[in-house]
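In what follows, a structure is listed as structure tokens, so that the remarks can point back to it.
Lettering follows sequence order; numbering is per chain, from 1. Model, not experiment: these values are computed from the prediction.
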Amino acid sequence: MTPTTPDHLVTRFAPSPTGHLHIGGARTALFCWAFARSHRDARGRPGRFMLRIEDTDAARSSDESARGILEDLAWLGIDWDDGPSLHYQGRTIGGDERHVGPFFQAQRRDTYDRYIRQLVEQERAYPAFERAEELDAKRREATAKKQTYRYDRAALSIPLPDRLRRMASGEPHVVRLRAPDDALVVHDEVLGDVTYAAGEMDDFVIRKADGFPTYHFAVVVDDELMGVTHVLRAQEHLNNTPRHVALQRALGFRTPVYGHMPIIMNMDGSKMSKRDKARAARKAAKDAMAKDPKMTAELLADSTALDVATVNGFLAAESDAVETAELFGRHFGVALPEVEIWDFRRSGYLPEAIVNFVALLGWNPGMKTADGKDLEKFDAAFLAERFSMDRIGRGNSKFDRSKLLNFNAAAIGGLSDEQFARRWLEWMLEHEAEAHRVVSKLPHDRLLLLARALKPRAKTFREALRSAAFVFTSDEGFPMDMAAVGKHLLANDKAGVGVLREFKPRLAAMADWSPEAITGALEGFAKEKGMPNPGSIAQPLRVALTGSGVSPGLGETMAVLGRESSLRRIERCVAELGA
RNA sequence: GGCCCCGUCGUCUAGCCUGGUCCAGGACACGUCCCUUUCAAGGACGUAACACGGGUUCGAAUCCCGUCGGGGUCACCA
């Protein structure tokens with residue numbers, strides 16, 4: 001098995017399939033991908049990007065999660081050369097061209113066992129028989145005395161033949177690496193040399209009692225066997241690196257190039273995690289309960305179809321269950337913060353906006369635009385060409401949602417009407433099936449008009465859907481904002497209704513039902529009647545047509561609605577309020 | 001607490017390696033104004049930062065030391 005020649009660059013992204021793809025993981029994947037894509041070796045070959053699934057935590061891993069992560073990556077436009085195959089939008093991503101698979105670690109246990117045996121035979125590693133609870137107790141004791149706990153190597157005092165015999169007899173045990181006693185320097189492409197003093201590392205576990213390798217061991221073995229040359233990962237792994245280097249030395253492996261990148265934090269400085277959703281949902285519930293004394297856990301349980309114990313557990317922060325959080329979010333009408341790629345998809349973000357924004361968190365191209373400003377807007381293709389490790393930042397960054405929203409709005413604004421319509425529809429098909437049914441039935445020309453009306457007003461596809469509410473209402477009757485009705489239709493002795501009654505025949509007589517013609521008619525009417533501004537006709541019309549004082553331009557709104565619908569809505573309004 | 005990393009506008013950052021062109025530039029957010037049929041979008045302008053203290057130097061955001069602050073990590077999770 002010759003996975004690669006030494007000069008062939010290989011990066012990898014190695015998620016564990018215990019949930020959706022986290023925004024931070026997405027950035028890691030993007031940088032690894034971009035680094036491989038932007039590189040050419042001496043023979044002009046591009047680097048390779050590999051995907052590996054780290055499912056050595058048998059209890060928490062699931063195939064479903066793995067599949068979801070693959071899809072999220074594909075959605076972002078990050079494709080991998082080596083790794084599990086995924087059929088996505090008519091093409092296949094991944095495969096095992098280099099014959100380095102399988103890519104699921106749970107399927108590689110024989111390989112790990114082989115190397116473990118080798119280390120044990122060489123006495124570079126040894127079995128240890130303490131139970132987890134024993135060690136926990138010792139750890140707690142040390143912590144109480146404000147000391148750092150390190151494994152005391154007790155197992156080493158068991159005579160070697162006994163150790164091997166007990167191990168072979170099937171007695172539960174872990175295998176620990178004999179950690180090196182000397183100091184160790186890790187070279188990092190982003191941070192420079194990082195020195196760890198002698199004696200800092202303890203004899204860490206490399207195979208668990210259930211027979212699975214630990215993360216450290218599996219990573220080191222796989223990176224070697226899969227020909228990985230460059231490891232780009234988040235700084236939370238920095239302190240794992242000396243362990244990995246120690247393992248590489250014990251096994252006679254080469255050490256890949258490391259680069260650790262800053263961590264993405266919430267605006268308040270906390271780590272971005274699924275728990276943020278629970279926190280937001282809990283706050284919404286507590287605010288509601290504080291405002292309305294009748295709101296109780298029992299009532300909540302009832303209306304969210306949960307049992308009281310679940311509700312109480314969630315309110316008391318004993319559980320951060322995402323499902324409960326989402327039920328609460330829906331119940332109280334609050335949006336939960338997005339932290340996983342799936343969340344952003346559902347909220348109507350564009351992959352290109354996420355890629356652009358997330359790339360800027362910890363990296364920047366260091367280039368200027370033609371008008372002398374810092375270049376900030378770029379796409380994946382640009383990254384695949386221009387990415388470089390030496391421009392990765394060192395400090396953590398905070399995830400500023402308002403800037404992401406701005407990038408997303410810009411990405412939406414950059415779409416043609418045709419593109420917007422198609423992608424918005426695709427989004428609805430996946431996330432809002434009901435809305436999709438209605439919108440997909442619109443005649444194409446009206447759909448494009450709607451796209452044009454929505455684009456500048458929507459920061460996300462979901463927002464676009466909200467602005468398009470008038471499309472989903474029935475001409476025969478729909479909820480109206482009573483404050484707007486009062487202000488624009490009923491005030492001054494129903495002046496607004498009177499204006500509508502007067503204007504309606506004009507509309508009915510129009511030959512050209514285009515946004516421009518409608519706008520022209522509106523302005524002409526206002527001028528003719530000596531209105532101080534077109535608002536006196538525009539606002540009553542708006543309320544009649546959409547039920548709200550806020551909507552896209554009236555020309556577009558009426559064009560989308562069509563002549564018949566528009567007139568019927570005005571008619572109904574006059575009839576109901578006129579008397 | 002031990003060890004490790006980091007510290008430029010509220011936020012993302014350019015500049016730092018190779019001191020002077022920086023009384024620090026851009027973007028988002030915010031504010032004011034213009035445009036305007038609502039809401040947006042768009043245009044113009046503005047507020048706002050080198051954490052602090054010592055050095056080195058003719059000169060420091062840039063080099064050195066210390067302090068403070070933030071983060072990570074100390075599992076049979078990854």
inquiry  = Counting only heavy atoms from other residues, nucleotides and ligands, does the tally under 6.0 Å from CZ of A/Arg423 exceed 12?
reply    = yes
remark   = Closest to the side chain of A/Lys398, out of B/rA40, B/rC12, B/rU38, is B/rC12
query = If you measure from the P atom in B/rG7 to the same atom in B/rC34, how many Å do you get, rounded?
reply = 43 Å
task = Could you tell me which nucleotide pairs with B/rC22 by Watson-Crick or G-U wobble geometry, both distances under 3.5 Å, or answer none if nothing does?
result = none
task = Establish whether the base of B/rA27 is bridged to the side chain of A/Lys403 by a donor-acceptor pair shorter than 3.5 Å.
result = yes
ask   = Is any side-chain N or O of A/Arg131 closer than 4.0 Å to OP1 or OP2 of B/rA75?
value = no
query = Toward the 5' end of RNA chain B, which comes first, A/Lys459 or A/Asn406, by nearest nucleotide?
reply = A/Asn406
query = Picking from B/rC6, B/rC76, B/rG2, which would you name as closest to the side chain of A/Thr148?
reply = B/rG2
ask   = With both distances under 3.5 Å as the test, what is the Watson-Crick or G-U wobble partner of B/rU32?
value = B/rA44
inquiry  = Strictly by Watson-Crick or wobble contacts shorter than 3.5 Å, is anything paired with B/rU11, and which nucleotide is it?
reply    = B/rA27
query = Between B/rG72, B/rC4, B/rA78, which nucleotide gets closest to the side-chain atoms of A/Val194?
reply = B/rC4
Heavy-atom donor-acceptor pair, A/Gln147 side-chain to B/rG1 base, under 3.5 Å = no
Pi-cation contact, A/Tyr126 with A/Arg176 (under 6.0 Å, within 45°) = no
request  = Name the closest nucleotide to the A/Tyr196 side chain, picking from B/rU37, B/rC3, B/rC76.
outcome  = B/rC3
ask   = In whole Å, what separates the C1' atom of B/rC64 from that of B/rG2?
value = 26 Å
inquiry  = Expressed as a whole number of angstroms, how long is the span from A/Asn240:CG to B/rC5:P?
reply    = 15 Å
query = If you look at every strand shown and take non-hydrogen atoms under 4.0 Å, does A/Glu133 touch a base, only sugar-phosphate, or nothing?
reply = nothing
task = Cation-pi check, A/Arg52 to A/Phe103: give yes when NZ or CZ is under 6.0 Å from the six-membered ring centre and within 45° of the ring axis, no otherwise.
result = no
key: Rounded distance in Å - CG (A/Leu375) to C1' (B/rG15)   = 17 Å
query = Rounding to a whole Å, what distance do you find between A/Glu463:CD and B/rA40:C1'?
reply = 10 Å
query = Heavy atoms under 4.0 Å, any strand shown: does A/Gly553 hit a base, just sugar-phosphate, or nothing?
reply = base
ask   = From the list B/rC76, B/rA14, B/rC12, which nucleotide is the closest neighbour of the side chain of A/Arg139?
value = B/rC76
key: A/Lys377 vs B/rC12: side-chain N/O to OP1/OP2 distance below 4.0 Å   = no
query = Per the atom types in the model, does the base of B/rC5 pair as donor or acceptor with the side chain of A/Arg394 at under 3.5 Å?
reply = no
ask   = Looking only at atom C1', what distance separates B/rU57 and B/rC63, rounded to whole Å?
value = 10 Å
query = To the nearest Å, how far apart are A/Asp193 CG and B/rC17 P?
reply = 19 Å
query = Using purine N1 to pyrimidine N3 plus N6-O4 or O6-N4 for Watson-Crick, or N1-O2 and O6-N3 for G-U wobble, each under 3.5 Å, what pairs with B/rU62?
reply = none
query = Which base sits across from B/rC74 as a Watson-Crick or G-U pair, both distances under 3.5 Å?
reply = B/rG1
task = Please check the phosphate of B/rU37 (OP1 and OP2 only) for any side-chain N or O of A/Ser536 closer than 4.0 Å.
result = no
ask   = Is the cationic atom of A/Arg386 (NZ for Lys, CZ for Arg) positioned less than 6.0 Å from the six-membered ring centroid of A/Phe378 and within 45 degrees of its normal?
value = no
query = On the ring face of A/Phe129, is A/Arg131 found with NZ or CZ under 6.0 Å from the centre and within 45° of the axis?
reply = no
ask   = In whole Å, what separates the P atom of B/rU73 from that of B/rA27?
value = 35 Å
message = Would you say NZ of A/Lys487 has more than 12 non-hydrogen atoms from neighbouring residues, nucleotides or ligands within 6.0 angstrom?
response = no
request  = Could you check whether the rings of A/Phe525 and A/Phe503 sit parallel, tilted or perpendicular, using 30° and 60° as the cut-offs?
outcome  = tilted
ask   = Do A/Asp374 side-chain and B/rG25 base share a donor-acceptor contact under 3.5 Å?
value = yes
message = Given B/rG71, B/rA78, B/rU38, identify the nucleotide with an atom nearest to the side chain of A/Arg457.
response = B/rU38
inquiry  = Students often get this wrong, so: under 4.0 angstrom with heavy atoms, is A/Gly535 touching a base, only sugar-phosphate, or nothing?
reply    = sugar-phosphate
ask   = Looking for any heavy atom pair under 4.0 Å, which part of the strands does A/His237 touch: base, sugar-phosphate only, or nothing?
value = base
query = Which nucleotide in the list B/rU13, B/rA27, B/rC76 gets nearest to the side chain of A/Ser397?
reply = B/rU13
Nucleotide nearest A/Lys373 when distance is taken to its side chain, options B/rG72, B/rC76, B/rG26 = B/rG26
ask   = Is it true that the side chains of A/Asn239 and A/Tyr196 contain a donor and an acceptor less than 3.5 Å apart?
value = yes
ask   = How far does the C1' atom of B/rG1 sit from the matching atom of B/rA48, given to the nearest Å?
value = 38 Å
inquiry  = Is the ring pair A/Phe31/A/Phe387 parallel, tilted or perpendicular, if the boundaries are 30 and 60 degrees?
reply    = tilted
inquiry  = Expressed as a whole number of angstroms, how long is the span from A/Lys455:NZ to B/rA41:P?
reply    = 15 Å
note = Regarding the side chain of A/Glu200, the nearest nucleotide among B/rC5, B/rU73, B/rC3 is B/rC3
Span that lies between the P atom of B/rG10 and that of B/rC50, in whole angstrom = 9 Å
query = Between A/Lys145 and B/rG1, is there a side-chain N or O to OP1/OP2 distance below 4.0 Å?
reply = no
key: Between P of B/rU73 and CG of A/Asn239, the distance in whole Å   = 8 Å
key: Distance, P atom - from B/rC23 to B/rA44, rounded to whole angstrom   = 26 Å
key: A/Leu522 CG to B/rU37 C1', straight-line distance once rounded to whole Å   = 7 Å
query = Roughly how far apart, to the nearest Å, are B/rG54 and B/rU18 at atom C1'?
reply = 25 Å
query = Can you tell me how far C1' of B/rC76 sits from NE2 of A/His216, to the nearest Å?
reply = 11 Å
Which nucleotide in B/rU37, B/rA78, B/rA27 has an atom nearest any side-chain atom of A/Glu376 = B/rA27
